[in-house]
Amino acid sequence: MVSFIRYIDLFSRTKILCIGDLMLDVFIYGKVNRVSPEAPVPILLESGERSMPGGAGNVAINLRALGCQTFIAGVVGADRNGQVLHSSLCDQNIDTNLLLTKIEYPTSVKIRYVAGSHHLLRVDKEEMLTDQDAKSHLLRLISQKIPEMDIVLLSDYGKGLFDREMLSSCIAQCKKYGKQVIVDPKRNDYSYYAGATLVKPNLKEFIAAIGHEIHPSQPSFDRQAIQFGRKLCNKHQIDNLLVTLGEYGMIFIPGTEGEALIRMDTQAREVFDVSGAGDTSLAVLGAAIASGAPIRDAMELANIASGIVVSKFGTASVTDKELKEQLNGIQKPRKLSSEQAAQLSQELRAQGKTVGFTNGCFDILHPGHIQSFEKAKKECDILFVGLNSDASVKRLKGSTRPVNNESIRTAMLLGLKAVDYVVVFDDDTALSLVQSIHPDVIAKEGYPLDKWPEGQYVVSYGGRAIELPRIDGFSSTEIIHKLSKSSQERSL
C-alpha cells in the first residue's frame with residue numbers, strides 16, 4: 001500500500017498527452033410520473049441539465065482529477081457544443097493548445113435522458129471526421145509535443161480522427177523518443193495499432209479482435225486468452241494487451257513468451273453507472289505507469305479507480321484523494337453537519353440520484369422505526385435522517401429524556417442498512433434542515449400533510465411527501481413507560 005501512495009504522490013509530476021476523439025456528454029434529468037396519451041412512452045418532466053467532456057475529453061478530465069499535468073489533442077467543431085467542450089477542459093486547467101476547431105465539422109454530442117437513476121434514452125449527434133488537412137496539421141503539432149511527455153494515451157472512439165496514417169505516425173513518434181503509448185481501441189483490425197506499448201480493449205472488443213468466443217467464467221479462459229492474445233500481439237508487433245473484463249476484473253497478456261499472465265479480480269462495489277469507467281481505467285493506468293509503477297501495481301490502481309467510478313452517476317472521474325482514501329480504508333463521514341448535508345444533497349441530485357429524508361428523536365429504536373426507514377429507503381437512492389439533538393429532545397419530551405444521548409442514537413442509526421447519513425439538528429422541528437437539504441422525497445409516519453410543514457414545503461417545489469404507516473404498540477415513550485412500570489413492580 002505504501003508504494004501505491006508513493007505512485008499517487010508522483011502523479012502531479014507527470015506530463016501526459018491524451019490524443020483522441022472528443023465529444024460532449026449531455027445529461028438531461030427529470031422525473032417520469034405518467035405515460036404519454038399519444039404513444040406508450042414515458043413523459044419526462046425536465047428538472048435540470050448537465051454537460052461534460054466525453055470520449056478522449058473524459059480521459060483528460062480523469063488525468064487532471066488525479067493531479068497529472070494534462071494535455072489534450074483532437075478536433076472539435078466551431079459551434080456552441082464545441083465552445084462548451086473547450087471551456088470545460090480549460091476550466092479544469094487542461095492544456096488545450098493542441099485542440100483544433102473546424103468550422104465545417106459539428107462537435108459530436110451524446111444526449112442522455114435520465115429519470116431518477118434510470119437512463120431512458122440516448123440521442124447521438126455526430127459526423128465522421130474526414131478532414132485530412134486538419135489531421136495533418138494536428139499531427140505536426142503532436143510531433144512537436146511528444147518529446148516533452150512522460151507517456152501518451154490514444155483514445156480511439158471510432159469517430160474518424162484515427163485513420164491508419166494518424167495512428168502509425170503517433171506511435172512511431174512515441175517510439176522515436178522512447179515514450180510508452182497506450183491505446184484504448186475501437187476497431188477490430190489491430191494492425192492499425194502496430195508498435196503500441198499496450199492496447200487496452202474490453203472483453204467484447206477483445207473477442208471481436210481474436211475472432212473467438214471465450215468467457216471469463218470458463219475454466220479455460222486464462223489459457224485461451226493468453227493463446228489468442230499473444231498471437232494477436234505477435235502478428236501486429238504489439239508489446240502487451242490488457243483486457244478489462246467488467247465484473248470479472250482485468251487480465252494482462254504479455255506479448256513476450258516466458259512472461260506471466262496477470263489476472264486480477266474486480267473491486268466489489270455497488271454498481272450505479274458504468275459510463276466512463278473505461279476512460280477512468282485508461283487514465284489511472286497511464287498515470288501509474290508514467291509514475292514508475294510496474295504493470296501489476298498499475299493494474300491494481302486502475303482496478304480500484306474503476307470500482308470507485310462505477311458507484312457514481314454519469315460520466316464521472318476519480319481524484320487522487322479518493323484513491324488514497326480507498327487504499328487507506330478511510331470511510332467518508334456519515335454524520336454530517338447541516339451545511340455538509342446541503343452540499344452533498346446538491347451533488348447527489350446533480351448526479352441524478354433521488355434524495356430522501358426522514359427525521360425524529362429515535363431515542364430507543366424499535367420495529368416501527370426499522371419499518372419506517374426501510375419503506376423510506378425504497379422511495380429514494382440516498383436517505384438522510386434528521387436526528388433531534390439532546391437539547392431538542394429535552395424540550396419536546398421532558399427533562400428525563402433522551403434515554404440515549406445523541407452520540408449513541410447516531411451510532412445506532414448508522415448501523416442500519418437503510419440509513420445513509422445522519423444530521424443532528426437543534427431546532428424543535430426539522431423544517432430548517434429540510435429547506436437546507438431540499439430532498440426529492442420526505443417520509444414520516446403518522447403525519448398527514450395538512451399537519452406536516454416539512455412535507456408541505458417539499459411538495460411546494462414538486463417533491464413527494466409520503467405518510468408512512470405506523471405499527472401499533474411501538475413507541476419509545478411506551479417502551480420507557482413499560483420499563484419504568486416493571487422496575488416499580490420489582491421494587492415492591
Colleague: For the pair K324 and D9, find out whether any cationic side-chain nitrogen is under 4.0 Å from an anionic carboxylate oxygen.
Modeller: yes
Colleague: Would you name the heavy atoms of S155 and C18 that are closest together and state the gap between them?
Modeller: CB-SG, 4.4 Å
Colleague: Can K102 and D131 be counted as an ion pair, charged N to O under 4.0 angstrom?
Modeller: yes
Colleague: So, E259 side chain and T256 main chain: donor-acceptor pair closer than 3.5 Å or not?
Modeller: no
Colleague: Less than 6.0 angstrom separating the ring centers of F384 and Y421, yes or no?
Modeller: yes
Colleague: Check the pair I111, K125 against side chain to side chain contact (heavy atoms under 4.5 Å, CB included), reporting the backbone distance first and the verdict last.
Modeller: CA-CA 8 Å; I111 306 171; K125 299 179 181 180; 3.9 Å; yes
Colleague: Counting only pairs under 3.5 Å, give me each side-chain donor-acceptor contact of residues 136-147, with atom names and distances, residues two or more places apart or in other chains.
Modeller:
{"from": "S136", "atom 1": "OG", "to": "Q132", "atom 2": "O", "distance (Å)": "3.0"}
{"from": "S143", "atom 1": "OG", "to": "L139", "atom 2": "O", "distance (Å)": "2.9"}

Colleague: As an exercise, state the distance from OG of S108 to CD of E126, rounded to the nearest 0.5 Å.
Modeller: 5.0 Å
Colleague: Listing request: all side-chain hydrogen bond (donor to acceptor under 3.5 Å, both in side chains) pairs with a residue in residues 85-97, at least two apart in sequence or in separate chains.
Modeller: H86-T96, D95-N97
Colleague: For the side chain of D79 and the backbone of T107, is there at least one donor-acceptor N/O pair under 3.5 Å apart?
Modeller: yes
Colleague: Test side chain to side chain contact (heavy atoms under 4.5 Å, CB included) on V26 and R112 and set out the steps.
Modeller: CA-CA 6 Å; V26 179; R112 296 170 174 89; over 6 Å; no
Colleague: I need the single residue from H236, Q237, R164 that forms a side-chain hydrogen bond (donor to acceptor under 3.5 Å, both in side chains) with S191. Which is it?
Modeller: R164
Colleague: Would you check if V284 and L63 make a side-chain contact, meaning some heavy-atom pair closer than 4.5 Å?
Modeller: no
Colleague: Can you confirm whether D265 sits close enough to Y248 that some side-chain heavy atom of one is under 4.5 Å from a side-chain heavy atom of the other?
Modeller: no
Colleague: How long is the straight-line distance from CG of L285 back to CG of L153, given to the nearest 0.5 Å?
Modeller: 8.5 Å
Colleague: Can you confirm whether V152 sits close enough to L154 that some side-chain heavy atom of one is under 4.5 Å from a side-chain heavy atom of the other?
Modeller: yes
Colleague: Holding to side chain to side chain contact (heavy atoms under 4.5 Å, CB included), I want the full list of residues that pass it with K231, two or more places apart in sequence or in another chain.
Modeller: none
Colleague: Let me see the working for V385 and F373 under side chain to side chain contact (heavy atoms under 4.5 Å, CB included), right down to the final yes or no.
Modeller: CA-CA 9 Å; V385 175; F373 294 135; 4.0 Å; yes
Colleague: Please examine the side chains of D297 and F4, heavy atoms only from C-beta on, and report whether any two atoms are closer than 4.5 Å.
Modeller: yes
Colleague: If you apply the rule side chain to side chain contact (heavy atoms under 4.5 Å, CB included), what do you find for V75 with Y105, and how did you get there?
Modeller: CA-CA 9 Å; V75 180; Y105 175 66; 4.0 Å; yes
Colleague: Is the closest basic N to carboxylate O distance between D163 and K135 below 4.0 Å?
Modeller: yes
Colleague: Parallel, tilted or perpendicular for Y193 and Y190, by the 30°/60° rule?
Modeller: perpendicular
Colleague: Answer yes if the side chains of Q343 and E347 hold a donor-acceptor pair under 3.5 Å, and no otherwise.
Modeller: yes
Colleague: How far does CG of L301 sit from CG of D320, to the nearest 0.5 angstrom?
Modeller: 11.5 Å
Colleague: For Q340, is the CD atom crowded, meaning more than 12 foreign heavy atoms sit under 6.0 Å from it?
Modeller: yes
Colleague: Among D184, D21, D279, which residue satisfies the side-chain hydrogen bond (donor to acceptor under 3.5 Å, both in side chains) criterion with Y157?
Modeller: D279
Colleague: Between I171 and A194, what is the shortest heavy-atom contact and its length?
Modeller: CG2-O, 3.5 Å
Colleague: Name each donor-acceptor pair under 3.5 Å that joins a side chain in residues 39-46 to protein atoms two or more places apart or in another chain, with its distance.
Modeller:
none

Colleague: If you compare all heavy atoms of C380 against all heavy atoms of V355, which two are closest, and at what distance to 0.1 Å?
Modeller: CB-C, 4.1 Å
Colleague: Rounded to the nearest 0.5 Å, what's the gap from CE on M299 to CE on M264? Could you check?
Modeller: 4.5 Å
Colleague: How about K176: does its NZ atom have over 12 heavy atoms from other parts shown lying under 6.0 Å from it?
Modeller: no
Colleague: Working to the nearest 0.5 Å, report the span between CZ of R64 and CD1 of I94.
Modeller: 7.5 Å
Colleague: Does the distance from a Lys or Arg side-chain N to an Asp or Glu carboxylate O, for D124 and K110, drop under 4.0 Å?
Modeller: yes
Colleague: For A287 and T14, work out which heavy atoms get closest and say how close.
Modeller: O-CG2, 4.4 Å
Colleague: Side-chain contact, heavy-atom cut-off 4.5 Å: R464 with I442?
Modeller: no
Colleague: Are R50 and F27 in a cation-pi contact, defined as NZ or CZ under 6.0 Å from the six-membered ring centre and within 45° of the axis?
Modeller: no
Colleague: Any Lys/Arg nitrogen of D156 or R187 sitting under 4.0 Å from an Asp/Glu carboxylate oxygen of the other?
Modeller: yes
Colleague: Does any non-hydrogen side-chain atom of L242 lie less than 4.5 Å from one of I182?
Modeller: no
Colleague: Taking all non-hydrogen atoms of both residues, which atom of A298 and which atom of I289 are closest, and how far apart?
Modeller: CB-CG1, 3.9 Å
Colleague: Looking at Q69 and S12, would you say the former's side chain and the latter's main chain have a donor-acceptor pair under 3.5 Å?
Modeller: yes
Colleague: Do I382 and T354 touch side chain to side chain, with heavy atoms closer than 4.5 Å?
Modeller: no
Colleague: For I437, is there any backbone N or O sitting under 3.5 Å from a side-chain donor or acceptor partner on S345?
Modeller: yes
Colleague: Please determine whether the number of non-hydrogen atoms from other residues, nucleotides or ligands lying under 6.0 Å from atom CD of E213 exceeds 12.
Modeller: no
Colleague: What distance separates D420 CG from R334 CZ, expressed to the nearest 0.5 Å?
Modeller: 6.5 Å
Colleague: For K353 and D440, which heavy atoms make the closest approach, and how far apart are they?
Modeller: O-OD2, 3.7 Å
Colleague: Please set out all donor-acceptor pairs under 3.5 angstrom arising from side-chain atoms of residues 196-209, sequence neighbours excluded.
Modeller:
{"from": "T197", "atom 1": "OG1", "to": "V181", "atom 2": "N", "distance (Å)": "3.0"}
{"from": "N202", "atom 1": "OD1", "to": "K204", "atom 2": "N", "distance (Å)": "3.2"}
{"from": "N202", "atom 1": "OD1", "to": "E205", "atom 2": "N", "distance (Å)": "2.8"}
{"from": "E205", "atom 1": "OE1", "to": "N202", "atom 2": "N", "distance (Å)": "2.9"}

Colleague: Counting only N and O atoms by type, is there a donor-acceptor contact under 3.5 Å from the side chain of R13 to the main-chain atoms of S291?
Modeller: no
Colleague: So, does H119 use its side chain to make a donor-acceptor pair with the main chain of L121 at under 3.5 Å?
Modeller: no
Colleague: Hey, does L323 have a side-chain heavy atom less than 4.5 Å from the side chain of L66?
Modeller: yes
Colleague: Going by atom type alone, with no hydrogens or angles, which donor-acceptor pairs under 3.5 Å involve a side-chain atom of residues 221-228 and a protein atom two or more places apart or on another chain?
Modeller:
{"from": "D222", "atom 1": "OD1", "to": "R263", "atom 2": "NH1", "distance (Å)": "2.6"}
{"from": "Q224", "atom 1": "OE1", "to": "S220", "atom 2": "OG", "distance (Å)": "3.2"}

